[in-house]
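Everything on this sheet refers to the single structure shown next.
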Amino acid sequence: MADISLLKEKFLEQFAGEADGVHVFHAPGRVNLIGEHTDYNGGYVFPAALTFGTTLLIRKRDDRKLGLASTNFPAAQAFAIDEIAYDERDDWMNYPKGIVYTLKQQGIELQNGYDLLYHGEIPNGSGLSSSASIEVVTEFALLTLEKREIDKVKIALLAQKSENEFNGVNCGIMDQFAVANGKKDHAILLMCDTLDYDLVPFESGSYKLVIGNTNKRRGLVDSAYNERRRQCEQAVADLRAEHDNLTLLGQLSLEQFEASKHLIQDEVVLKRARHVVEEIDRVLQSMEALRRNDLERFGQLMNASHDSLRDLYEVTGDELDAMVDAARKVAGVLGSRMTGAGFGGCTVSLVHEDSIEAFIGQVGSEYNEKTGLQADFYVCSIGNGVEQLA
Ligand code: GLA
């Protein structure tokens with residue numbers, strides 16, 4: 001957790017005035033444990049909030065402006081609340097701007113101007129949802145200070161809408177949902193079609209979740225992500241010949257899929273659809289494994305998830321594969337997979353606590369030999385969703 005008194009000093013350096021009236025909020029990053037590329041297909045995901053994320057210091061101001069600054073980036077800027085528009089040059093500031101814009105679009109017009117200082121602990125481009133974290137903390141803080149209704153499911157939906165429409169990123173609901181609704185020591189079983197969810201205690205005993213950052217920028221991710229979405233829609237269109245009301249792949253069981261898969265003409269589309277349907281089934285199997293406290297089985301399902309993302313969905317890439325291969329060779333590792341959209345970003349592994357040092361050493365050096373890149377590792381605890389700090 002960030003040093004709040006230091007951040008308050010920085011806030012006053014940036015925006016002057018008094019520390020009175022500065023409120024502090026925090027939203028985490030997220031890691032997805034299993035259920036990848038299933039959210040926009042209306043399937044299950046199983047993410048958890050991290051203990052690190054974005055800290056936001058915010059204070060009302062007297063005009064109708066939004067003052068934005070970050071400890072991570074140099075430029076600070078003020079925007080007229082009534083004239084907010086997307087501008088590529090505004091970089092990360094388009095996330096908070098998008099929230100204000102989308103709130104207004106939904107009939108929630110801010111009554112005040114605000115100064116906001118962000119402090120981000122999530123490495124950019126790591127696939128741990130730094131953008132969702134900024135969006136959700138901004139929305140939660142503004143709604144709180146404007147004394148509006150706080151409903152974390154609605155907060156996630158509006159943040160997703162802002163990312164889709166204002167920022168032009170076609171993401172599903174998982175990231176914003178996890179960042180808003182996470183709970184310490186729990187993962188979230190979320191059905192993305194209905195948004196029904198369960199907070200499931202993640203009791204991994206002497207095993208820890210270790211995140212490995214490939215530090216490979218996810219260059220291809222946007223175009224490839226949209227292509228995968230289109231391929232899933234194609235599969236649905238083909239399958240409709242036998243399933244009239246089908247709108248999302250996640251509405252099909254594995255058995256139904258097996259019985260109808262001949263309807264999918266294109267071989268690549270068939271692979272994509274198979275991944276989605278089997279991955280959703282794996283999430284459900286992993287819930288059973290957790291209920292039995294069978295972490296070994298949970299780890300096998302994590303492995304199967306990665307292999308399917310590599311072979312059928314084809315979103316892993318050399319760096320993620322190299323890191324996962326290295327991880328699986330270490331004694332005490334029950335499972336290892338990519339997490340998030342893919343093409344770089346992070347892996348998540350379930351590692352015995354006595355093996356963590358060896359894990360970081362071995363995986364780090366084998367990964368470096370194969371890719372020339374330096375990995376970073378975070379032994380992660382599961383934290384709370386968005387909240388106001390005292
Ligand atoms: C990104 C998106 C999510 C989800 C994952 C893949 O993180 O933002 O909505 O689709 O990729 O599971």
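One-based numbering, in listed order, for ligands and for the atoms of each.
- What sits closest to atom 10 (O) of ligand 1 on the protein, heavy atoms only, is Y225 OH, 2.6 Å.
- Remark: ligand 1 atoms within the under-4.0 Å shell around heavy atoms of G340 are 6 (C), 11 (O).
- Using a 3.5 Å distance cut-off with no hydrogens or angles, the side chains of Y95 and S130 do not pair a donor with an acceptor.
- Neither the backbone nor the side chain of R229 has a heavy atom within less than 4.0 Å of ligand 1.
- Of all atoms in ligand 1, listed by their number and element, those nearer than 4.0 Å to a heavy atom of M174 are 4 (C), 5 (C), 12 (O).
- Using a 4.0 Å cut-off between charged side-chain N and carboxylate O, E279 and R282 make a salt bridge.
- Salt bridge present: E258 and R274 bring a charged side-chain N and a carboxylate O closer than 4.0 Å.
- When each atom of ligand 1 is checked for a heavy atom of Y40 under 4.0 Å away, the hits are 10 (O).
- Close approach to D39 involves these atoms of ligand 1, each under 4.0 Å from a residue heavy atom: 3 (C), 4 (C), 9 (O), 10 (O).
- The aromatic rings of F25 and F140 sit perpendicular to each other, their planes meeting at more than 60°, with 30° as the lower class boundary.
- Atom CZ in F257 sits 10.0 Å away from atom NE2 in H243 (nearest 0.5 Å).
- Between H37 and Y313, the ring-plane angle classifies as tilted under the 30° and 60° cut-offs.
- Close approach of ligand 1 to R30 is summarised as follows: ligand atoms under 4.0 Å from at least one heavy atom of the residue are 7 (O).
- Salt-bridge formation is not detected for the pair E314/R228: no Lys NZ or Arg NE/NH1/NH2 atom is positioned less than 4.0 Å from an Asp or Glu carboxylate oxygen.
- Residue G172 has at least one heavy-atom neighbour below 4.0 Å for each of these atoms of ligand 1: 9 (O).
- Inclusion of N32 in the set of residues having an N or O under 3.5 Å from an N or O of ligand 1 is not warranted.
- Among Q231, E267, Q234, the single residue meeting the side chain to side chain donor-acceptor pair (under 3.5 Å) criterion with R272 is Q231.
- Nearest protein neighbour of atom 8 (O) of ligand 1, counting heavy atoms only, is D175 OD2, 2.6 Å.
- Residue contacts with ligand 1: Q176 is excluded, as none of its non-hydrogen atoms falls under 4.0 Å.
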